[in-house]
Amino acid sequence: MEKINIDELKSIQLGILGYFDEVCSSHMLRYSLCGGTLLGAIRHQGYIPWDDDIDVFMPRDDYEKLCNIVNAVPSSIYKMFTVNTKNDFYFTFGKLVNTATIIEEFYDRPIKDMGVNIDVFPVDGLPNNKYLCSLYWNIMRILKRINTMVAKKNAKGENGLKTMLRHMVFFSYYFLPKTFCAKQLNWLARFHKFSKSKVVAVSVFGYGRKEELPVDVFDEFVDVSFEGKKFKSIKRYDIYLNNLYGAFMRLPPVEKQVAKHTFEAYRLSEY
């Protein structure tokens, strides 16, 4: 195997994003850059200088269509990994993977054949009743915390008590499928239909209630520049970025401009 440096890593990620964009355009699937990737597109017209991943989100129906479309082409090096396609996959969202590569995670438990990837998050509906919505978020928060404890082999900077608790949770789930918690989260998230909700969010991961958006935000999209190419963004991206980051055009303090690289990537020799 040949180790991939950071510039090559970003080039491979951009190739995955380009493929993703082509599939979505060809099949009229709605999507938007999100998280730090959207922030980078708006503030830097590319990667945030200390970032090294790519995030996109899309309404649940489009997300599920994408999974079926990508995995229906057996000859492609691109595969969509989800809890429904891999029995050792514990992430609550999908990863579009370049299978000509492989990665070794520092903190997460290994997943067979996991390569360089981009994160694809489903956007789900939320309960229209505010009390039910609060209850929903509380349940999701607990389930996400349990899933994280099951998935992590190490956790940077945690104290001994948290390490002991994490290992206790892990061993209590040892005889269950690795997909168990993530499937429960996705089942609950799919319970409220995107099209019938007034407010939607990435609820299976992320920043909790900061992710909430009016459903009509997904009615209009615009092109934004990212590393010299055009990709889709929700038109009212300022609402989303303000929710997540506050004054998003302002750079964070220098001490917070730190890379969060958590894996090593390699190119498989057979490719």
(request) Any pair with a residue in residues 234-251 that passes side-chain hydrogen bond (donor to acceptor under 3.5 Å, both in side chains), sequence neighbours left out, goes on the list, sorted by first then second residue, please. (result) D216-R236
(request) Please collect all salt bridge (Lys or Arg N to Asp or Glu O under 4.0 Å) contacts where either partner lies in residues 20-31, sequence neighbours excluded, each pair once. (result) R30-D62
(message) For V202 versus V123, what's the shortest heavy-atom pair and its separation?
(response) CG2-CG2, 3.9 Å
(message) So D223 and K229, do their side chains get closer than 4.5 Å, heavy atoms only?
(response) no
(request) Would you indicate whether the side-chain heavy atoms of F89 and M114 approach each other to under 4.5 Å? (result) yes
(request) With sequence neighbours left out, write down each residue that passes salt bridge (charged side-chain N to carboxylate O under 4.0 Å, His left out) with E2, or none if nothing qualifies. (result) R267
(request) Not counting sequence neighbours, list each pair that qualifies as a salt bridge (Lys or Arg N to Asp or Glu O under 4.0 Å) and has a residue in residues 181-208. (result) E64-R190
(message) If the condition is salt bridge (charged side-chain N to carboxylate O under 4.0 Å, His left out), which residues does D124 pass it with, not counting sequence neighbours?
(response) R60
(message) So which atom in I103 and which in V116 form the shortest heavy-atom distance, rounded to 0.1 Å?
(response) CG2-N, 3.7 Å
(message) Let me confirm one number: the OG-CG distance from S203 to L185, rounded to the nearest 0.5 Å.
(response) 8.5 Å
(message) Under the side-chain hydrogen bond (donor to acceptor under 3.5 Å, both in side chains) definition, can you give me all pairs with a residue in residues 78-87, not counting sequence neighbours?
(response) K86-D88
(request) Would you name the heavy atoms of L66 and C24 that are closest together and state the gap between them? (result) CD1-SG, 4.3 Å
(request) List in chain and number order the residues that pass side-chain contact (heavy atoms from CB on, under 4.5 Å) with K130, two or more places apart in sequence or in another chain; answer none if no residue qualifies. (result) none
(message) By the definition side-chain contact (heavy atoms from CB on, under 4.5 Å), identify the one residue from L188, N186, N147, L143 that meets it with V204.
(response) N186
(message) Please check: side-chain N/O of D55 versus main-chain N/O of G35, any donor-acceptor pairing under 3.5 Å?
(response) no
(request) Only one of F205, Y63, F81 passes ring pair (Phe, Tyr, Trp, His ring centres under 6.0 Å) with F93; say which it is. (result) F205
(request) Drop me the distance from I102's CD1 to K112's NZ, to the nearest 0.5 angstrom. (result) 8.5 Å
(request) Could you tell me which residues satisfy side-chain contact (heavy atoms from CB on, under 4.5 Å) with D7, sequence neighbours excluded, listed by chain and number? (result) N5
(message) So does V217 get a backbone contact from the side chain of E220, meaning a donor-acceptor N/O pair under 3.5 Å?
(response) no
(message) For the backbone of I234 and the side chain of S32, can you confirm whether one donor and one acceptor N or O come within less than 3.5 Å of each other?
(response) yes
(message) For K144 and T92, which I'm curious about, is there any donor-acceptor pair between the side chains at under 3.5 Å?
(response) no
(request) Search all heavy atoms of L38 against all heavy atoms of S233 and return the closest pair with its distance. (result) CD1-OG, 3.4 Å
(request) Only counting residues at least two apart or in another chain, list the ones meeting side-chain contact (heavy atoms from CB on, under 4.5 Å) with K10. (result) I6, Q13, Y47
(message) For L17 versus V56, what's the shortest heavy-atom pair and its separation?
(response) CD1-CG1, 3.9 Å
(request) Mind checking salt bridge (charged side-chain N to carboxylate O under 4.0 Å, His left out) for E8 and listing every partner two or more places apart, or none if nothing turns up? (result) none
(message) Rounded at 0.5 Å granularity, tell me how far CG in L9 sits from CD in E264.
(response) 10.0 Å
(request) Find the distance between CZ (F20) and OG (S25) and round it off to the nearest 0.5 Å. (result) 9.5 Å
(request) Enumerate the residue pairs fulfilling salt bridge (Lys or Arg N to Asp or Glu O under 4.0 Å) with a member in residues 113-123, sequence neighbours excluded, ordered by first and then second residue. (result) K95-D119
(message) Within a 6.0 Å radius of atom CE on M28, are there more than 12 heavy atoms belonging to other residues, nucleotides or ligands?
(response) no
(message) Determine whether the aromatic ring centres of residues Y31 and F57 are separated by less than 6.0 angstrom.
(response) no
(request) To the nearest 0.5 angstrom, please state how far the CD1 atom of I77 sits from the CG atom of N98. (result) 4.0 Å
(message) For a quick test of reading the model, state the closest non-hydrogen atom pair linking F121 to C34 and the distance between them.
(response) CD1-SG, 3.9 Å
(message) Keeping S197 on the side-chain end and L126 on the backbone end, is there a donor-acceptor pair under 3.5 Å?
(response) yes
(request) Would you list the pairs meeting side-chain hydrogen bond (donor to acceptor under 3.5 Å, both in side chains) in which at least one residue belongs to residues 205-215, sequence neighbours left out? (result) S134-R209, W137-E212, R209-E212
